[in-house]
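Lettering follows sequence order; numbering is per chain, from 1.
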Amino acid sequence: MISTKRLEEKWQKYWEDNKTFHAEIDKNKEKYYYLVEFPYPSGAGLHVGHVRSYTALDSLARKKRMQGYNVLFPMGWDAFGAPAEQYAIKNHIHPSIAVKENIKTFKAQIQRLGISFDWEREFSTTDPEYYKWTQWQFLQFFKKGMAYKAKKNINWCPKCKMGLSNEDSSGGVCERCGSQVVQKEKEQWVLRMSDYAQQLIDGLDDTEFQEKTKVAQINWIGKSTGAEVDFKLKQVDEKLTIYTTRPDTLFGVTFMVVAPEHPYIDLYGGLIKNMNEVIDYREQANKKSEFERTQLVKDKTGVKLDGLSAINPVNGKEIPIYISDYVMMNYGTGAIMAVPAHDARDYDFAKKFGIDIIEVIKGGDISKAAYTEDGEMVNSDFLNGFDNKKDSINKMIEYLEEKGIGRKKTNFKLQDWIFTRQRFWGEPIPLVYCEDCGWVPVDEKDLPVVLPNVAEYEPTDDGESPLARIPEFVNTTCPHCGKPAKRETDTMPNWAGSSWYFLRYMDPHNEKEFVSREALEYWGKVDWYNGGMEHATRHLLYARFWNQFLYNEGLVPNKEPFKVRASHGMILGEGGVKMSKSLGNVINPDEIVDAYGADTLRVYEMFIGDYEKEATWSEQGVAGAKRFLDKIVRLGEKVVDNNEYSKELEKDIHKTVKKVTEDMDSLKFNTAISALMILSNTMDKMDSITKADYRTFLHLLNPVAPHITEELNEEYNLGKPFCESTWPTYEESKLVDEEKTIAVQVNGKVRATINVNINDSDEVILEKALACDNVKKYTDGNEILKTIVIKGKIVNIVVKG
RNA sequence: GCGGGUAUGGCGGAAUUGGCAGACGCACCAGACUUAGAAUCUGGCGCCGAGAGGCUUGCAGGUUCAACUCCUGUUACCCGCACCA
């Protein structure tokens, strides 16, 4: 046989020459859309983790095609963003050139693996032909009022010199470089994602995501129900509105707290006697990063507003107001009512500042965390005696609404999406600022707004985009009135291009539309989307939001873009540690392909363990996969010219067809391969196998090891190439075992095994069981209390003593 | 703190969903072939025990003829989220 390298190249060429994996709309065939998250083509090249998910989906796609589906399985590149830009700055080349080089490397690496992507649909988010439509879609948001410019305190990474979304600065740390994020005021384009909070929760019902993914999204969106309550200020005719989930504890309110940024501080600064102290505190708080405010400083700080106080609306008592950084301006109303008896944070604060603590729920452990659950209400006037949280809350809301001092209210943690980056390497935002007309969208015919081809793309210290330094780019005319005007110089985050790439794959070369209606209707939803768990609250949420917006605008036919979402586990280095450059334990897939071949790498990674869990790399395991494939090659020497299954193998083959088919559908590649290993061991023990035996065996292995199986199929002249054949089927009737060995237990312990026939009655089986010598040993002289016969499975005899 | 998950031999992991725990692979041991090695083949391989046998799925209980699987409690680790009112 020819060498592994040559045969792999041979079949890769065959598939390419025959456009085997190219999909076209075909209304006579049922479609299936497999999608694997497109990679960021970094300079480091392909990782064995990529190989795992690509091979898994490739196997599924190959099988699905053989099962008669019209399979869409595309691949592209998510190439905007900071890493490419950093690389370009460091090496003094234009990011577009660096990106092209990296894509070339990645693509060659993927192609060596024989992944059945439809390369005719390939694109990069950085292609002007693609980002033209990203810009076009941004303009749809803009025109709908879904994009607005706001002066925002944004998460600012001082190292990357860039504004970050909440999602990108989770934990107060820059997602990219790990620096602590600080707050900086900046004008930003923002998408009204929070408007979609409820729809994003509801839409999950229309998906088949894993529970953990759904939960992660639901938690991130952070819905809470409660009430807004208006507290009158004593010194001025004004009310301070707060949000609470526990209006039933209103009688226990002994103070209020506003966020340092609360507008009332400036508005009523004249009444505040210790304004200097207050301003000082606010400045201190502002300097703190979100991380310091939330993680490090659990110790409560604050300043009492001297000269400004509020009235508790339910009992008329005067209560003090404090500012403290434990209240956030971006959630609720930026002000809270404090119930120190039943909330740990309020309790800490009250203890520190010597404020009254009034118990309103009996039995609540005052010093412990969070709001007390059920207990009898006390010190609460009309709520006294209520002993159920829900009823108390309803009663209070009813009271508040009646008096017009409060109302039921739902809040979400989900914030609007900060959509601008002060960077060069992103999609330019297609807006122009005109002194007379304000912000005006670029005419559609003038899209895309192309990134200029210059050498200056380093970020500036003042936080302006590098594009601002390029007069030819900045200066333009107003699309509306024609007067001189200036372009927006910020660019989009790299989550933009990935928010709709799955749509573009359906019709990637369309110059007139972002995708044709026909393609949208035919390819529909992504049936199976594989990606990392780390994207659950970012890419996956952004993409759903984006698609829901397009749906609401009538631009796409499905509100939810993805049906099933699966995620692969990470591959760790030997010893169970993360692969990293610094540890020097990164495995380059090329080296494995060179040494063992692509099929071996593929089989190994599919056999390594539970697909959804992390797995540890083992070179010895790779060698084991290679041994398995070598054994399969040797099996060919036993083939005799017969187109029926061997009698001895028929049942095993039918069972294996069933097992492999079902296991692959549920991502249990490891057990599918195990079943094939068992079958190969059985065949290996036989003197000869038939062509039919061998072909079906190779066919079942083909999705995972496509090259070697095609080659052997051809060499032994077994039939058409698998990629042009129909997936094997099994017959239920061939699965039944006539004879079976089952265990006999006495008092739950196995004492013997017996052979039973499928037609044996329970009585016959029991008789056989009782006849065993080793069973008699335990039953003789003992009273048999009970016998259990489970057909085809087990016999259990319960004896006394 | 809240939410989600995991726990099975020396290792990666199986277990028809309540029916012989440890499939399959790796590693290891012994043997065959070989001048030797590689490759390949045969056999062994959870723990204790010479053996009969006993014990064993993080730990402690429970349900059941029967529990890795169901229930209660508990421990450890991993991952999200987190002064969210």
Any Lys/Arg nitrogen of A:Lys791 or A:Asp760 sitting under 4.0 Å from an Asp/Glu carboxylate oxygen of the other? no

Could you state the atom-to-atom distance from CG of A:Asn330 to C1' of B:C83 in whole Å? 12 Å

A:Met533 CE - B:C78 C1' separation (whole Å): 13 Å

Using whole Å, report how far CZ of A:Phe412 lies from C1' of B:C81. 17 Å

Show me the protein contacts with nucleotides 24-31 of chain B, counting only N or O atoms at under 3.5 Å.
{"from": "B:C24", "atom 1": "O4'", "to": "A:Ser674", "atom 2": "OG", "distance (Å)": "3.2"}
{"from": "B:G25", "atom 1": "OP1", "to": "A:Asn681", "atom 2": "ND2", "distance (Å)": "3.3"}
{"from": "B:C26", "atom 1": "OP1", "to": "A:Arg627", "atom 2": "NE", "distance (Å)": "3.0"}
{"from": "B:C26", "atom 1": "OP1", "to": "A:Arg627", "atom 2": "NH2", "distance (Å)": "2.8"}
{"from": "B:A27", "atom 1": "OP2", "to": "A:Arg627", "atom 2": "NH2", "distance (Å)": "3.2"}

Counting only side-chain nitrogens and oxygens, does A:Lys668 get under 4.0 Å of the OP1 or OP2 atom of B:A15? yes

Picking from A:Ile790, A:Ile794, A:Leu770, A:Ile742, what satisfies side chain to side chain contact (heavy atoms under 4.5 Å, CB included) with A:Ile765? A:Ile742

Atom pair distance, as rounded to whole Å: CD1 in A:Ile790 and P in B:A66: 13 Å

Students often get this wrong, so: under 4.0 angstrom with heavy atoms, is A:Asn796 touching a base, only sugar-phosphate, or nothing? base

Contact class for A:Glu534 (heavy atom, under 4.0 Å): base, sugar-phosphate, or nothing? nothing

Taking only residues at least two apart or on different chains, which pairs with a member in residues 620-634 of chain A satisfy salt bridge (Lys or Arg N to Asp or Glu O under 4.0 Å)? A:Lys626-A:Asp630

Using atom P in both nucleotides, what's the gap between B:G10 and B:U56 to the nearest angstrom? 16 Å

A:Ile336 side chain: which of B:A14, B:G3, B:A85 is closest? B:A85

For RNA chain B, consecutive-pair runs of 3 or more (Watson-Crick or G-U wobble, both H-bond-type distances under 3.5 Å) give B:1-7 with B:75-81, B:10-12 with B:24-26, B:28-32 with B:40-44, B:46-48 with B:53-55, B:58-62 with B:70-74

Say we look at B:U6 and B:U42: how far apart would their C1' atoms be, to the nearest angstrom? 39 Å

Rounded to whole Å, how long is the line connecting atom NZ of A:Lys408 with atom C1' of B:A85? 18 Å

Nucleotide nearest A:Ser224 when distance is taken to its side chain, options B:A85, B:G3, B:C83: B:A85

For nucleotides B:C47 and B:A52, find the distance between their P atoms and express it as a whole number of Å. 16 Å

Indicate yes or no: does A:Asp652 engage A:Lys734 in a salt bridge with an N to O separation below 4.0 Å. no

P atoms of B:G13 and B:A21, separation to the nearest Å: 23 Å

If the P atom of B:C11 is compared with that of B:G58, how far apart are they to the nearest Å? 14 Å

So which nucleotide from B:G3, B:C65, B:C41 ends up closest to the side chain of A:Asp684? B:C41

Cationic N near anionic O, under 4.0 Å, A:Arg565 to A:Glu37: yes

How far does NE2 of A:His568 sit from CZ of A:Arg52, to the nearest 0.5 angstrom? 8.0 Å

Exercise: identify the closest heavy-atom pair between A:Asn774 and A:Tyr778: O-CD1, 3.0 Å

Side chain of A:Lys212 (C-beta onward), nearest among B:G19, B:A85, B:G4: B:G4

When you get a sec, tell me which of B:G13, B:C65, B:U16 is the closest nucleotide to the side chain of A:Lys793? B:U16

Students often get this wrong, so: under 4.0 angstrom with heavy atoms, is A:Ile608 touching a base, only sugar-phosphate, or nothing? sugar-phosphate

On RNA chain B, does the nearest nucleotide to A:Asp610 precede the nearest nucleotide to A:Lys613 from the 5' side, or the other way round? Give the residue. A:Lys613

I'd like the P distance from B:G3 over to B:G73, given in whole Å. 14 Å

Is any side-chain N or O of A:Tyr243 closer than 4.0 Å to OP1 or OP2 of B:A85? no

What contact category does A:Lys777 fall into here, base, sugar-phosphate, or nothing, at under 4.0 angstrom with non-hydrogen atoms? sugar-phosphate

With a 4.0 Å heavy-atom cut-off, tell me which residues in residues 735-746 of chain A come close to RNA chain B, sorted by residue number. A:Thr741, A:Ala743, A:Gln745

Does NZ belonging to A:Lys239 count more than 12 external heavy atoms closer than 6.0 Å? no

In this structure, how many angstroms lie between the C1' atom of B:A66 and the NZ atom of A:Lys791, rounded? 19 Å

Spacing of A:Met606 atom CE relative to B:G12 atom C1', expressed in whole Å: 14 Å

Counting only side-chain heavy atoms from C-beta out, which of B:C65, B:A14, B:C20 sits nearest to A:Ile794? B:C20

Between A:Gly748 and A:Gly609, who's closer to the 5' end of RNA chain B by nearest nucleotide? A:Gly609

Which nucleotide, B:G19, B:C65, B:C81, lies nearest any side-chain atom of A:Trp220? B:C81

Salt-bridge present (A:Lys390, A:Asp248; N to O < 4.0 Å): no

So A:Pro263 and A:Met329, do their side chains get closer than 4.5 Å, heavy atoms only? yes

Between B:G80, B:C20, B:C83, spot the one nearest the side chain of A:Val750, thanks. B:C20

Among residues at least two apart in sequence or on other chains, which ones pass ring-ring contact (aromatic ring centres under 6.0 Å, His included) with A:Tyr196? A:Phe545

Syn or anti for B:G9? Use the chi torsion, O4'-C1'-N9-C4 for purines and O4'-C1'-N1-C2 for pyrimidines, with syn inside 90° of 0. syn

For nucleotides B:U64 and B:C71, find the distance between their P atoms and express it as a whole number of Å. 16 Å

Take atom NZ of A:Lys651 as the centre, draw a 6.0 Å sphere, and report whether it contains more than 12 heavy atoms from other residues, nucleotides or ligands. yes

Taking syn as a glycosidic torsion within 90° of 0 and anything else as anti, which one is B:U17? syn

Think A:Lys749 has a side-chain N or O under 4.0 angstrom from the OP1 or OP2 of B:U56? no

More than 12 heavy atoms from other groups under 6.0 Å of NZ on A:Lys578: no

Just checking A:Trp617 against A:Tyr604, ring centres under 6.0 Å apart? yes

Taking only residues two or more places apart in sequence or in another chain, which ones pass ring-ring contact (aromatic ring centres under 6.0 Å, His included) with A:Phe353? A:Tyr322, A:Phe349

How would you label the contact of A:Lys223 with the nucleic acid (heavy atoms, under 4.0 Å): base, sugar-phosphate, or nothing? nothing

Taking B:G80, B:G19, B:C20 as options, the one with an atom nearest any side-chain atom of A:Thr753 is B:C20

Rounding to an integer number of angstrom, what distance separates B:G25 and B:C45 when you compare their C1' atoms? 14 Å

What is the distance from CG of A:Asn411 to P of B:C83, rounded to the nearest Å? 15 Å

